[in-house]
Amino acid sequence: MKPLTKVLIANRGEIALRVHRACQEMGIKTVAVHSTADASAMHVRLADESVCIGPPPARESYLNMAAILSAAHITGAEAIHPGYGFLSENADFAEMVEAHGLAFIGPKPEHIRTMGDKIAAKDTMRRLGVPLVPGSAGALASVEEAFAVAKEIGYPVLIKAAAGGGGRGMKVARAEEQLEEAYRTARGEAKAAFGNDEVYLEKYLDRPRHIEMQVLSDAHGNVVHFGERDCSLQRRHQKLVEEAGSPALTAAERDALGERVTAALRGMGYRNAGTLEFLWQDGQFCFIEMNTRLQVEHPVTEMVCGVDLVREQIRVAAGETLGYDQSAITFSGHAIECRITAEDPDTFAPSPGKVTTFHAPGGLGVRVDSALYSGYSVPPHYDSLVAKLVVHGATREQAIARMRRCLSEMVVDGIKTTIPLHQRIMADPEFAKGDYTIHWLERFVAKS
Ligand code: MV4
């Protein structure tokens, strides 16, 4: 086992900075890659070296596997961290990285591939004793099978695409007379969107929370969890606010779910960081999908656990053992993240352009992950996330108060951002009660 000395970061924006910071603290040199649109981006400025990998469209730069592998070779990087999005859940890329003798700072390619197929992911978790949403045993072979399964579990039901995920390719059937059309449209859309028309059926849960569990494994069979995040506050499958822990869960419920999840990952021989997504309704957890990457919202977990998840990812990718067990992981206080995007806070229309003034809030229990600086131009080619404002407090109430204070202190002039929307959410008495489902934010946005 050799410690890493140079890592290539195959991403941009705040997550490229996040990975760079962990590397720098570990004494590891960094290589940034960038498109021509990002030549003066913060992730390029801070890295030890940088390589331009193509023109602005992501397909020709941040998704260009050959260019990224060449950049790793030219600079002598020993490992690649993919961040989130882009190539982070591309099993072929992970395989190519390893075939070139480099370490992929993420899961094994086979596990990325399995979890990318939502049917295979559910089969795996079923086998390993993780609770699932009731539904078809694997892919539906025919519309007749859909009718039979739906009759058995009861309506409403949901048809989902095996290659979907993140909300793409889902159709609800509220009663028997809607099922045939849901089945046919779901298959047609799945074929068009993913080139794979395999679909499966689940009982539709009408008012769940979205709760996910953070896990980490080394290459020696040690697996731990870092508790849950509540990601119910989303609009059109874009998360806006995340919390750790979930306002709906007791410590005993967290421990129980954590034990089942870590046992399952031990059974799989999983490696590196991962997140299991559950729908939670009426006190029941139902597994829906697994994400085989570091997630945008990982900082809320870091705040309550006092752990650097990227450092841990790098250590286990280099072959180190975790060096601690579950009993070493403790949960303290409450953390909230607001995702601040360059969008109109009322219409959500993208608002790229020049940031004339950027001022980040600070103080006790405050973390701002952002690649912004005064004078920076937010390019129109990529994701609109410009800052993650993360706060920690001894209690949820104190975290909310701190977030309100930070939102009023933060300045992003020159472009529109969702800061005013976050201010309205943090001032809302219903949000303060913590009693929300995945549908709460859509209604809040519609009425405000
Ligand atoms: C569901 C569901 C209700 N019942 N599955 C959407 C994204 C994808 N990850 C799974 N999704 C859902 N699956 C059953 N059986 C409702 C959703 C859903 C959702 C889930 C998590 C967060 C936000 C959501 C918004 C709309 C629908």
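The basis for the numbers below is simple: all heavy atoms, side chains too, and nothing from hydrogens, waters or symmetry mates. In what follows, residues are counted from 1 in the order of the sequence shown. Whatever order the structure lists ligands and atoms in, that order sets their numbers, starting from 1.
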TODO: Kindly indicate whether the side chain of L249, heavy atoms from C-beta on, has any atom under 4.5 Å from the side chain of F285.
DONE: yes
TODO: Verify whether one side chain among E312 and Y324 offers a donor that lies under 3.5 Å from an acceptor in the other.
DONE: yes
- [ ] Under the side-chain contact (heavy atoms from CB on, under 4.5 Å) rule, what do D369 and I15 come out as? Steps first, then yes or no, please.
- [x] CA-CA 8 Å; D369 279 21; I15 197 61; over 6 Å; no
TODO: With heavy atoms under 4.0 Å as the rule, classify the contact between D206 and ligand 1 as side chain, backbone, both or neither.
DONE: neither
Task: Heteroatom distance test (K160, ligand 1): nitrogen or oxygen, under 3.5 angstrom - done: yes
Task: Which residues share a side chain to side chain donor-acceptor pair (under 3.5 Å) with R209, sequence neighbours left out - done: D230
Open item on the list: Taking E242 first and then R229, would you say they form a salt bridge - that is, a charged N and a carboxylate O separated by under 4.0 Å?
Closed with: no
TODO: Could you pull out, from I211, V172, I288, the option with a heavy atom nearest to atom 10 (C) of ligand 1?
DONE: I288
TODO: Run the contact test for H439 against ligand 1 with a 4.0 Å cut-off on heavy atoms, strictly below, and give the result.
DONE: no
Open item on the list: Students often mix this up, so state it plainly: with edges at 30° and 60°, are the rings of H225 and F331 parallel, tilted or perpendicular?
Closed with: parallel
Open item on the list: Looking at E337 and R367, is any side-chain nitrogen of the basic one under 4.0 Å from a carboxylate oxygen of the acidic one?
Closed with: no
- [ ] Work out whether the distance between some heavy atom of E277 and some atom of ligand 1 is less than 4.0 Å.
- [x] yes
Task: Test of proximity, H237 against ligand 1: N or O pairs below 3.5 Å - done: no
TODO: Look at the aromatic rings of Y436 and W440 and report parallel, tilted or perpendicular, splitting at 30° and 60°.
DONE: tilted
Open item on the list: Suppose I only count heavy atoms of L279 and a 4.0 Å limit; which atoms of ligand 1 are within that range?
Closed with: 1 (C), 2 (C), 3 (C), 4 (N), 5 (N), 13 (N), 14 (C), 20 (C)
Task: Contacting atoms of ligand 1, where contact means under 4.0 angstrom from a heavy atom of Y204 - done: 3 (C), 4 (N)
Open item on the list: If you take the nearest heavy atom of each of Q234, K203, E442, R207, which one is closest to atom 25 (C) of ligand 1?
Closed with: Q234
Task: Sub-4.0 Å atoms of ligand 1 with respect to non-hydrogen atoms of V133 - done: 15 (N)
TODO: Using a strict 4.0 Å cut-off to heavy atoms of E202, name the atoms of ligand 1 that fall inside it.
DONE: 5 (N), 14 (C), 15 (N)
